[in-house]
Asker: 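So that we are looking at the same thing, I have put the structure below in structure tokens.
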Amino acid sequence: MVFGCGYLGLRVARRWLAAGHPVFPITRRHERAGVWRREGLQAIVADVTRRETLRALPAADTVLFAVGHETGPTEIGPNQIGPHLSGLRNVLDALPAFRRFIYISSTGVYGDWQGDWVDEETPCQPSRASGQACLEAERIIAASDTARRAVVLRLAGLYGPGRIPRQDILLAGEPLAAPRHGFLNLIHVEDAVEAVLAAEKVQRDLPRVYLISDGSPVVRGDYYAELARLIGAPPPRFEALPRETPATARAAADKRISNARMRIELDFSLRFPSYREGLRAIVTQAERDERAGGSSRES
């Protein structure tokens, strides 16, 4: 069962479906449910913020809660904290029998560590609404009966096909409203899917928390320089960040994410061990798709 069946969740759902499992994605939209049903997914129309719509959920071996990660950047705004947490409580209260509960959290729970390495034992000090919401959600899970069946995955910056921020700005040769310095911590969406699948099999005492990152932090200036090179854009230029924006707050949270526990305990290998391999694969595939589309139009 998947709550938040979007950029990450839908990929997980399709992997479970391909493995022969019945999969129940939850959505508020009837149109989206119809599309998923045509794929073979057993979509259910329900709203996590409305408890009465969750009364007839089927039993599921594994439940993935990725609400807030459906589309766009991983960000829960200040006005969304209450609905996110109440939705989680409603789901935990409504679920029938299940074996494993996987909550998609964020490395934003750590806040700023001035470029130091952080791991699962590092104290959390979130400064943004998104990190605060995720940390409170983790606490709700830990205090519930679900705790002994729960795995929390704190994702670094999620990227992949169709999700490379600021690509258009680079192509236009415009300056980036981003700092040149400070670290980016990333995980390719396909590797994040593998982490979710591996979390099903964790045998250690639960709840268990894992940092999900490629373990190769990159200075922002180096990342954008490599992206510009791959897409044939001019070298990046940077300008001062505006004050009081989510992007400014994210940029101020400087840290390096260790994935040591993930590598030791979760049974999967990274397909994209750094942003270099990940960006190259995305750009190469996009070029192939564009050429194929051009050939189709010509024919």
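Heavy-atom basis, side chains included; hydrogens, waters and symmetry copies ignored.
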Asker: Are the side chains of Glu265 and Arg204 in touch, meaning some heavy atoms are under 4.5 Å apart?
Answerer: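 They are in side-chain contact.
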
Asker: Please give me the minimum heavy-atom distance between Ile141 and Ala150, naming the atom from each residue.
Answerer: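 Heavy-atom minimum between the residues: CG2-CB, 3.6 Å.
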
Asker: Among residues at least two apart in sequence or on other chains, which ones pass side-chain hydrogen bond (donor to acceptor under 3.5 Å, both in side chains) with Asp119?
Answerer: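 Asp119: side-chain hydrogen bond (donor to acceptor under 3.5 Å, both in side chains) contacts with Thr122.
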
Asker: Check whether any side-chain heavy atom of Cys134 sits under 4.5 Å from a side-chain heavy atom of Val109, and report yes or no.
Answerer: yes

Asker: Determine whether Pro179 and Phe238 make a side-chain contact, defined as any pair of heavy atoms from C-beta on separated by less than 4.5 Å.
Answerer: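 The answer is no; the side chains never approach within 4.5 Å.
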
Asker: Just wondering, do Arg139 and Leu135 contact through their side chains at under 4.5 Å, heavy atoms?
Answerer: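 Side-chain contact under 4.5 Å: yes.
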
Asker: Any heavy-atom pair between the side chains of Tyr224 and Leu170 that's under 4.5 Å?
Answerer: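 Yes, close enough: below the 4.5 Å cut-off.
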
Asker: Tell me, do Phe272 and Leu279 make a side-chain contact under 4.5 Å, heavy atoms counted?
Answerer: no

Asker: Does CD in Gln114 sit with more than 12 non-hydrogen atoms of other residues, nucleotides or ligands closer than 6.0 Å?
Answerer: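 Open: at most 12 neighbouring heavy atoms sit under 6.0 Å from CD of Gln114.
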
Asker: Can you tell me how far the NE2 atom of His188 sits from the CD1 atom of Ile282, to the nearest 0.5 Å?
Answerer: 4.0 Å

Asker: Show me the side-chain donor-acceptor pairs of residues 9-25 shorter than 3.5 Å, one per line, residues at least two apart or across chains.
Answerer:
| residue | atom | partner | partner atom | Å |
| --- | --- | --- | --- | --- |
| Arg11 | NE | Glu190 | OE2 | 3.4 |
| Arg11 | NH1 | Tyr7 | O | 2.7 |
| Arg14 | NE | Glu39 | OE1 | 2.9 |
| Arg14 | NH2 | Glu39 | OE2 | 2.7 |
| Arg15 | NH1 | Glu194 | OE2 | 2.7 |
| Arg15 | NH2 | Glu194 | OE2 | 3.1 |
| Trp16 | NE1 | Glu200 | OE1 | 2.9 |

Asker: Distance from Arg276 atom CZ to Leu230 atom CG, nearest 0.5 Å?
Answerer: 10.5 Å

Asker: Within the structure provided, determine whether Pro58 and Met1 are in side-chain contact (heavy-atom separation under 4.5 Å).
Answerer: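 Touching, per the 4.5 Å side-chain cut-off.
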
Asker: Can you tell me if Gln42 uses its side chain to pair, donor with acceptor, with the backbone of Gly40 under 3.5 Å?
Answerer: no

Asker: Is there a donor-acceptor pair closer than 3.5 Å between any side-chain N or O of Asp254 and the backbone N or O of Gly182?
Answerer: no

Asker: Are Ile81 and Tyr103 joined in one hydrophobic group, where the rule is that I, L, V, M, F, W and Y side chains link up if heavy atoms are under 4.5 Å apart?
Answerer: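 Result: yes, single cluster for both.
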
Asker: With the 4.5 Å side-chain cut-off for hydrophobic clustering, are Trp113 and Val209 part of the same group?
Answerer: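 No.
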
Asker: Please, which pairs that meet side chain to side chain donor-acceptor pair (under 3.5 Å) have at least one residue in residues 167-178, sequence neighbours excluded?
Answerer: none

Asker: I need the minimum non-hydrogen distance between Pro175 and Glu239, along with the two atoms involved.
Answerer: CG-OE1, 3.6 Å

Asker: Among residues at least two apart in sequence or on other chains, which ones pass side-chain hydrogen bond (donor to acceptor under 3.5 Å, both in side chains) with Arg261?
Answerer: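 With sequence neighbours excluded, Arg261 shows a side-chain hydrogen bond (donor to acceptor under 3.5 Å, both in side chains) to Glu121, given in chain and number order.
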
Asker: Has the side chain of Asn90 got a donor or acceptor atom that lies under 3.5 Å from a matching backbone atom of Ser86?
Answerer: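 Yes, because the side chain of Asn90 sits within donor-acceptor range (under 3.5 Å) of the backbone of Ser86.
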
Asker: Starting from Ile264, walk the hydrophobic network (Ile, Leu, Val, Met, Phe, Trp, Tyr; side-chain heavy atoms closer than 4.5 Å) and list everyone else you reach, by chain and number.
Answerer: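 Ile264 shares its hydrophobic cluster with no other residue.
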
Asker: Return the OG to CG distance between Ser216 and Leu270, rounded to the nearest 0.5 Å.
Answerer: 8.0 Å

Asker: Tell me every residue that passes side-chain contact (heavy atoms from CB on, under 4.5 Å) with Pro217, counting only those two or more places apart in sequence or in another chain.
Answerer: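 For Pro217 the side-chain contact (heavy atoms from CB on, under 4.5 Å) partners, ignoring immediate neighbours, are Trp117, Phe183, Asn185, Arg256.
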
Asker: Do Asp93 and Arg51 sit within salt-bridge range, that is, some charged N less than 4.0 Å from a carboxylate O?
Answerer: yes

Asker: Check step by step if side chain to side chain contact (heavy atoms under 4.5 Å, CB included) holds for Asp47 and Ile26.
Answerer: CA-CA 8 Å; Asp47 184 343; Ile26 311 299; over 6 Å; no

Asker: From Ile140 CD1 over to His84 NE2, what is the distance, rounded to the nearest 0.5 angstrom?
Answerer: 8.0 Å

Asker: Identify whether Leu176 and Val283 are in the same connected component of the hydrophobic contact network (ILVMFWY, side-chain heavy atoms under 4.5 Å).
Answerer: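 Cluster IDs for Leu176 and Val283 match.
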
Asker: Can any side-chain N or O of Glu277 pair as donor or acceptor with the backbone N or O of Arg271 at less than 3.5 Å?
Answerer: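 A pair under 3.5 Å: no.
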
Asker: Between the side chain of Arg149 and the main-chain N/O of Phe98, is any donor-acceptor distance below 3.5 Å?
Answerer: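 Looks like yes, one N/O pair under 3.5 Å.
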
Asker: Listed by chain and number, what are the side-chain contact (heavy atoms from CB on, under 4.5 Å) partners of Val45, not counting sequence neighbours?
Answerer: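 Expected list: His30, Ala33, Arg37.
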
Asker: Looking at Asp191 and Ser269, what are the two nearest heavy atoms and their distance?
Answerer: OD1-O, 4.2 Å

Asker: I want to check something: taking the side chain as every heavy atom from C-beta on, are Leu184 and Tyr275 in contact at a cut-off of under 4.5 Å?
Answerer: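 The answer is no; the side chains never approach within 4.5 Å.
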
Asker: Is it true that Leu211 and Val193 fall in one hydrophobic cluster, defined by side-chain heavy atoms closer than 4.5 Å?
Answerer: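 Not linked; separate clusters.
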
Asker: Would you please name every residue forming a side-chain hydrogen bond (donor to acceptor under 3.5 Å, both in side chains) with Arg280, sequence neighbours left out?
Answerer: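 With neighbours one apart ignored, the set is empty.
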
Asker: At what distance, to the nearest 0.5 angstrom, does CG of Leu206 lie from OG1 of Thr146?
Answerer: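 Separation between the atoms: 11.5 Å.
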
Asker: So which heavy atom on His181 is nearest to which on Val219, and how close?
Answerer: CA-CG1, 4.1 Å

Asker: Not counting sequence neighbours, which residues clear side-chain contact (heavy atoms from CB on, under 4.5 Å) with Ala94? List them please.
Answerer: Leu54, Leu57

Asker: Within this structure, what is the CZ-CG distance for the pair Phe101 and Leu92, rounded to the nearest 0.5 Å?
Answerer: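 So the gap between those two atoms works out to 5.0 Å.
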
Asker: Is the backbone of Gly111 close enough, under 3.5 Å, to the side chain of Lys255 for a donor and an acceptor to pair up by distance?
Answerer: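 The answer is yes, because a donor-acceptor pair under 3.5 Å joins these two groups.
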
Asker: Apply side-chain contact (heavy atoms from CB on, under 4.5 Å) to Arg229 and list each qualifying residue two or more places apart in sequence or on a separate chain.
Answerer: Glu226

Asker: Where the side chain of Arg100 meets the backbone of Val63, is there a donor-acceptor pair that is under 3.5 Å apart?
Answerer: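 Pair absent, no side-chain N/O of Arg100 close to backbone of Val63.
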
Asker: Give the C-alpha distance, both sets of side-chain angles, the deciding distance and a yes or no for side chain to side chain contact (heavy atoms under 4.5 Å, CB included) between Val91 and Phe65.
Answerer: CA-CA 9 Å; Val91 168; Phe65 193 93; 3.9 Å; yes

Asker: What are the two closest non-hydrogen atoms of Ala228 and Pro236, and how far apart are they?
Answerer: CB-CD, 4.1 Å

Asker: Which pairs would a plain distance check flag for residues 152-159, meaning a side-chain donor or acceptor within less than 3.5 Å of a matching protein atom at least two apart in sequence or in another chain?
Answerer:
| residue | atom | partner | partner atom | Å |
| --- | --- | --- | --- | --- |
| Arg154 | NE | Glu138 | OE1 | 3.3 |
| Arg154 | NE | Glu138 | OE2 | 3.0 |
| Arg154 | NH1 | Tyr110 | OH | 2.7 |
| Arg154 | NH2 | Glu138 | OE1 | 2.6 |

Asker: Name all residues meeting the side-chain hydrogen bond (donor to acceptor under 3.5 Å, both in side chains) criterion together with Asn259; count only those two or more places apart in sequence or in a different chain, and write none if there are none.
Answerer: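 side-chain hydrogen bond (donor to acceptor under 3.5 Å, both in side chains) check on Asn259 returns Arg263.
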
Asker: Checking side chain to side chain contact (heavy atoms under 4.5 Å, CB included) for the pair Val151/Tyr210: CA distance, chi angles, key distance, verdict?
Answerer: CA-CA 8 Å; Val151 174; Tyr210 293 95; 3.8 Å; yes

Asker: Following the transitive rule for hydrophobic clusters with a side-chain heavy-atom cut-off under 4.5 Å over Ile, Leu, Val, Met, Phe, Trp and Tyr, establish whether Val2 and Trp36 coincide in one cluster.
Answerer: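 Yes; tracing contacts between hydrophobic side chains, which count when under 4.5 Å, links both residues.
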
